[in-house]
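By convention here, the first residue in the shown sequence is residue 1. Here the structure is a predicted model, which means the values were calculated and not measured.
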Amino acid sequence: MKRKTLLSVFFAVLFAVCGLFGACGTNDNENSSDSTNQSEIVYTISADDISLLIGAEYKPDCSVKANGETVENATFAYRSFNTEVVSVSGEKLKAEKAGIANIAVSASVDGKQVAEATFSCKVNENKGIHPVKTSYLLYVSNNVKGVSFDTSTSLSAFVYDKGEIVTDAEIVWTVGDESIASVDADGHLQAVQVGETYLVGTYTDANNEELKTLPLPVKVEIPVLITRDDVIVDKAKEIQMLDAQAILGEDTIGFMFSASANKTYTINNNQMETASFKAGEHTCIFYNKEQSLGVQVNVVAADFVIYSKEDLLTLPTYSSGYIVLANDISDVEYVSGGSMKTFTGTFNGLGHTISNITYKYTKNKDNQTSWGLFYRVNAATIKNISIVGATLCAGSSGAFFYQTAGGETVIDNTYVEIQFASTSFQSGGAFGYAWRGTVSYSNSILIVNTPATGSNGLIAGRNNSQVTVKNSYVLGTGLLCGNHAKENSNYAVLNRTAGVAYATQVEFLMAVSKDKTDFSNFNKYWDLSQDIPCM
């Protein structure tokens, strides 16, 4: 509760008045010059700060004193410094709207102004109880994986009566449905179970008049912790075991709700069926068996999951589907040639890294050559993947694929360091040849430690199509995209990219410092604490 503040403002005005309460006279019996008796009087005004309700009219209780004695016949005039809050009509004030206005008061005696003062007028809302909060949200559990949620709260409100805040007002709180939430005599609101109800506060004044709040909504929910974790659902398995401790911080999962599909999945013994789960990314909430807490995660349902180096080596045999990388993999001799498949699906690295990968090149009848993770792509998506310490041995190659065959291919949130790249025809750091369709290359870092020669490019060895580069950093010497003697707007040179990509670390860091590079589009897998962001 707030405490009323009462201030008395005294302003003294000194007037030298002759003949007001004394007399200036002449002795008729003596022929002498007039003599004047003068008395000095000090006038003071007493004007207290006041508090009004909206719409109230009030005549202030001011007084004027002369040398400490009250002057009975004094009159007062008022002027408001904020007429929108308090207006003045004669000797009455009217509260127009909530706020504070300073009021000037002048006192007159026998038609002469003798003193002035100012006081403050605070205008409150209408009479009643005004709760500090108009609605309440509580949870049935207060801890999810070490994060606290409110299961209870203390209730409080201001009581206004006769234009003033009532100090130490006793308010009785009641809950509509006590099976949802309970409240004690001290105004402590406690969640009971999931549901919705309402809360009312009541104050009874000295005249036994009750003042009530409007019904205040009370909602009790299961606490849901939103994490940055991924849960992989491997659709190649009919039944998948889920790690309840890793997901919930508890031993048992009760059920899972997919917000994307608006569907609930039953989890028995921490196992779930995967057949009905559509491939792709889903926002899901896992709940414990008691339904007292939940954790929201990104569920990635994959047609093929790469767990090991051996799994990675089978990647070129896939022409479609949703593929994810479940672990970091290192020291790989990679071959993608031979099958010549065109990939049309999605490859999601989930922030994992493939390091020390050598894209092999051998001249033999089986054409055992690697042109990238994939040979050819058509409207494919490659994202959230880091490739470090890559060696491109073959011509017409790149870290991700050799050639686009149509549609829009998306490369997003990727990090590539090329240790060695072939200078042969149509070799680029990210991919070899933009032949048909378009390529969107965004939020990515590319470092090529060996210079491109001739007309090869750093991102694309050759571009006969359209490559859009956004919010990326390319470190290397040469073109962004190889032109191979063709001249049009698609073949961008580094110094003509208008801040889309940066050729040196200095340029990149300067762009970052001037907010020209937007890190908000870099997703959760990036480490942005480094000079050059990396996965």
Side-chain angles (χ1 to χ4, degrees), residues 235 260 278-282 300-304 306 312 314-325 334 336-350 359 369-385 387 392 394 396-416 425-444 446 456-472 474 479-484 486 488-492 497 500-501 521 523:
K235 288 178 61 62
S260 305
K278 184 179 179 181
E281 296 181 58
H282 307 268
V300 183
D303 298 299
F304 175 54
I306 301 170
L312 179 65
T314 66
L315 181 61
T317 64
Y318 285 85
S319 59
S320 62
Y322 200 102
I323 300 172
V324 301
L325 180 61
Y334 194 77
S336 63
S339 63
M340 298 294 188
K341 289 184 177 294
T342 298
F343 183 67
T344 60
T346 296
F347 178 79
N348 187 347
L350 298 180
Y359 297 83
T369 299
S370 179
W371 291 284
L373 293 181
F374 303 97
Y375 170 69
R376 183 183 286 123
V377 297
N378 187 326
T381 296
I382 298 172
K383 63 180 181 178
N384 308 326
I385 176 67
I387 296 179
L392 300 173
S396 301
S397 63
F400 298 130
F401 56 84
Y402 159 54
Q403 187 182 79
T404 60
E408 181 186 11
T409 292
V410 174
I411 301 174
D412 185 55
N413 282 283
T414 66
Y415 182 90
V416 175
F425 183 65
Q426 297 177 176
S427 289
F431 60 94
Y433 183 17
W435 177 42
R436 293 177 179 173
T438 63
V439 177
S440 173
Y441 181 87
S442 59
N443 306 310
S444 293
L446 174 62
N456 283 352
L458 295 171
I459 297 175
R462 177 181 178 182
N463 181 15
N464 275 16
S465 181
Q466 180 176 331
V467 179
T468 302
V469 182
K470 295 180 180 178
N471 198 35
S472 297
V474 179
L479 308 174
L480 278 182
C481 300
N483 59 30
H484 283 269
K486 293 191 175 183
N488 62 49
S489 60
N490 297 324
Y491 311 129
T497 59
V500 172
N521 290 323
N523 68 12

Would you please test Thr438 and Thr468 for side-chain contact (heavy atoms from CB on, under 4.5 Å) and show each step? CA-CA 8 Å; Thr438 63; Thr468 302; over 6 Å; no
Ile387 and Ala399: which non-hydrogen atoms are nearest, and at how many Å? CD1-O, 4.0 Å
Locate the shortest heavy-atom distance separating Lys278 from Ala301; write the atom from each residue and the value. O-CB, 3.4 Å
Under 3.5 Å: donor-acceptor pair, side chain of Asn463, backbone of Cys481: no
Here the gap from Asn523 atom CG to Asp412 atom CG, rounded to the nearest 0.5 Å, amounts to 7.0 Å
May I ask you to test the Phe374-Ile382 pair for a side-chain heavy-atom distance under 4.5 Å? yes
So do the side chains of Ile411 and Phe401 get within less than 4.5 Å of each other, counting heavy atoms only? yes
Closest non-hydrogen atom pair, Val324 against Ala302: CG2-CB, 3.7 Å
Measuring only between side-chain heavy atoms, which start at C-beta, is Leu373 closer than 4.5 Å to Tyr359? yes
Ser319 backbone acceptor or donor facing Thr344 side chain under 3.5 Å: yes
For the student: nearest non-hydrogen atoms of Thr409 and Ala379, plus distance: OG1-N, 3.5 Å
Side chain to side chain, Leu350 and Leu325, heavy atoms closer than 4.5 Å: no
Nearest 0.5 Å please: distance from the CG atom of Asn443 over to the CG atom of Asn521. 5.0 Å
Gly372 backbone acceptor or donor facing Tyr402 side chain under 3.5 Å: no
Within the distance-only criterion (no hydrogens, no angle test), does the side chain of Asp303 pair as donor or acceptor with the backbone N or O of Tyr322 below 3.5 angstrom? yes
Is the shortest heavy-atom distance from the side chain of Leu446 to the side chain of Tyr441 under 4.5 Å? yes
Measuring only between side-chain heavy atoms, which start at C-beta, is Phe304 closer than 4.5 Å to Thr314? yes
Test log, rule side-chain contact (heavy atoms from CB on, under 4.5 Å), inputs Phe400 and Thr414: CA-CA 10 Å; Phe400 298 130; Thr414 66; 3.7 Å; yes
Min side-chain heavy-atom separation Glu281-Asn348 under 4.5 Å: yes
Are the side chain of Thr404 and the backbone N or O of Arg436 linked by a donor-acceptor pair below 3.5 Å? yes
Under 3.5 Å donor-acceptor, Tyr318 side chain and Phe343 backbone: no
Main-chain N/O of Lys470 paired with Ser472 side-chain donor or acceptor, under 3.5 Å: yes
At what distance, to the nearest 0.5 angstrom, does CD1 of Ile323 lie from CG of Leu315? 5.0 Å
Smallest heavy-atom separation, Gly429 atom then Val416 atom, equals O-CG1, 4.2 Å
Would you check if the side chain of Thr381 reaches a backbone N or O of Thr346 as a donor-acceptor pair within less than 3.5 Å? no
Minimum heavy-atom separation for Ala434 to Val467, with atom names? CB-CG2, 3.9 Å
